[in-house]
Amino acid sequence: MTVITRFAPSPTGFLHLGGARTALFNWLYVRHHGGRFLLRIEDTDRARSTKEAIAAILDGLAWLGLDHDGEVAYQSAHAVRHAEVAQRLLAQGMAYHCFCTPEELAEMREKAKAEGRPVRYDGRWRDRDPAEAPPGVPPVVRFKAPREGETVIRDLVQGEVRTANDQLDDMVLLRADDTPTYMLSAVVDDHDMGITHVIRGDDHLTNAFRQTQLFKALGWKIPEFAHIGLIHGPDGAKLSKRHGALGVEAYREMGFLPEAMCNYLLRLGWSHGDDEIISTEQAIAWFDLDAIGRAAPRFDLVKLTSLNGHYLRAADAPRLVDLIAPRLVPVLGREPAGPERERLAQAMGSLKERAKTLVELADNAAFYVRNRPIPLSEAAAAVVDKEARARLARLRPRLAEAGDWTEAALEEAVRGFAEADGLKLGQVAQPLRAALTGATISPGIFEVMRILGRDEVLGRLDDIRQPAKRQPA
RNA sequence: GACCCCAUCGUCUAGAGGCCUAGGACUCCGGCUUUUCAAGCCGGUAACACGGGUUCGAUUCCCGUUGGGGUCACCA
């Protein structure tokens, strides 16, 4: 049997973390077993669905590298088919017209609540003659759900879960305006698309019971279900706006790499022994549903950040230069060009060890391409006091005359100077660092000098002699 | 409230009756290295929610309690 899964987001917002993880699991399951991963936009609520949301979801998936097979399906395009299925159920006596008004329903709910009874539709039109229908009330079509017995689903993650049928009321299939509801659309589309495995958030677990009943009534094969725990915030409650729940594009903006995001999301609720760093290839080879934990995991930005640091260090220089180039526009006024990019590429090796996000990386790299005179941080300004400036002034000719502009030669020159002056290396290196990078923290100073080049180094040393002309950082 | 689900360090988790003196990762704290900061390496703090069973033996199985979560729309 070919495995066919789907990711079926409703386009009412960005691709949030939970959705991204659901998509990832669906994608991995298919890539592992061989099969098709379909994408279906559940836009049956046309009032809340937007083009922007669809674009954001598509962008998010593309960024994460979760490519789907075939064309994107839009659920709204199948509305006629869905309605036909409802009519068929109606004709077979497995569904019925309900003439309750919204007000009547609200009243029913309130009364049940007040009496401490479960809030459900009481089935008052289930066996009533449509001839008794009140005038002017357009009916909805409700599913005639079984009232006895129980519905059991064998969930691939949650195990066997059962619910008494009297806990489930008669759901609406077709609204008063004849449009299909989610419950109907999802079942019909899953059947029509040949979905074999429904992997989705745990919040759909109760829907699985109703959908199972519908599948049965229609005489269709029921797909396998796998309900994965929802991602929770630090306080244990479902990730929501109040936790600052963000779309994946926000994490991209914060400087996270897609591979770090995928690795993090994969390890959130799923594990393979003690493995932490897992490549996409390994993930495909190892992934399976039975290793998914049943409990809801909490989102931990610190761990994501740490993982991102790892992938940043593993990334190659040209790619990182490409990624930070747009982030350098604020300091350069434009994206870095040829020679600047070359300089950045050379510096990337040691720069990436000092950053956990692309934001940090760009910040730390900026001094390499800044125009002179470079601004000094407060701490750096404090380092280059009068004495330190005098020291640098004495060092300058030595550098100007240095034979080779290699790290070894530069180190020898600076160390020799420090020794001759009876100084510790740090007493020379820190002022030098401040003058050349504008900060008290940077990669090794000799590497910085080498990459900056003799002219730039001497120029920046000259700049430091006229502190009055500088702008504060 | 009803129904359903869940429960190992702060967090993500390993563990599928004796391999557990409960392992790994992140965080945190030390140390090494050192021109700063990282990275790296070494070391440390930190958990089986509670109560009953079952068993020669429970983190692992069963029941209950507690705690947490999810769902109860003409939304998806």
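Bear in mind that the values here come from a model prediction, so they are computed numbers and not experimental data. Heavy atoms only: backbone and side chains are in, while hydrogens, waters and symmetry mates are out. The chains referred to below are lettered A, B, ... by the order of the sequence lines, with proteins before strands, and numbering in each begins at 1.
Among the protein residues, A/R433 comes within range of the nucleic acid bases, having at least one heavy atom under 4.0 Å from a base atom. Nucleic acid contact class of A/T44 (heavy atoms, under 4.0 Å, all strands): sugar-phosphate only.
Checking B/C6, B/A39, B/A76 against the side-chain heavy atoms of A/R313 singles out B/A39 as nearest. Here the nucleotide nearest the side chain of A/V161, chosen from B/U35, B/C5, B/C3, is B/C5. With distances taken from any side-chain atom of A/R354 to the nucleotides B/C37, B/C3, B/A76, the minimum falls on B/C37. Comparing B/U35, B/C4, B/A38 by their nearest atom to the side chain of A/E353 picks out B/A38.
By the side chain to side chain donor-acceptor pair (under 3.5 Å) test, A/T181 is found to be paired with no residue, residues two or more places apart in sequence or in another chain being considered. Residues that satisfy the salt bridge (Lys or Arg N to Asp or Glu O under 4.0 Å) test with A/E107, not counting sequence neighbours, are absent from this structure. By the side chain to side chain donor-acceptor pair (under 3.5 Å) test, A/D166 is found to be paired with no residue, residues two or more places apart in sequence or in another chain being considered. For A/R120, there are no salt bridge (Lys or Arg N to Asp or Glu O under 4.0 Å) partners, not counting sequence neighbours. Residues meeting the salt bridge (Lys or Arg N to Asp or Glu O under 4.0 Å) test with A/D189, sequence neighbours left out: A/R40.
Within the structure, side-chain hydrogen bond (donor to acceptor under 3.5 Å, both in side chains) pairs that include any residue of residues 8-17 of chain A do not occur (at least two apart or interchain).
Annotation: of the two residues near RNA chain B, A/A164 and A/V137, the 5′-most nearest-nucleotide partner is A/A164. Where A/M183 and A/R415 each meet RNA chain B at their nearest nucleotide, the meeting point lying more 5' is that of A/R415.
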*asked:* Protein within reach of the bases, or only the backbone? For nucleotides 11-29 of chain B, mark each nucleotide 5' to 3' as B, S or -, using heavy atoms under 4.0 Å.
replied: SBSS--------BBBSS--
For nucleotides 71-73 of chain B, list the nitrogen or oxygen atoms of the protein found under 3.5 Å from its nitrogen or oxygen atoms, one pair per line.
from  : atom 1 : to     : atom 2 : distance (Å)
B/U71 : OP1    : A/K238 : NZ     : 2.9
B/U71 : O2'    : A/T206 : OG1    : 2.9
B/C72 : O2'    : A/V119 : O      : 3.3

Side-chain polar contacts of residues 287-306 of chain A - donor-acceptor pairs under 3.5 angstrom, sequence neighbours left out - could you list them?
from   : atom 1 : to     : atom 2 : distance (Å)
A/R298 : NH1    : A/P234 : O      : 2.9
A/D300 : OD1    : A/V302 : N      : 3.1
A/T305 : OG1    : A/L301 : O      : 2.7

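Taking a cutoff of 4.0 Å between a charged side-chain nitrogen and a carboxylate oxygen, A/R48 and A/D45 qualify as a salt bridge.
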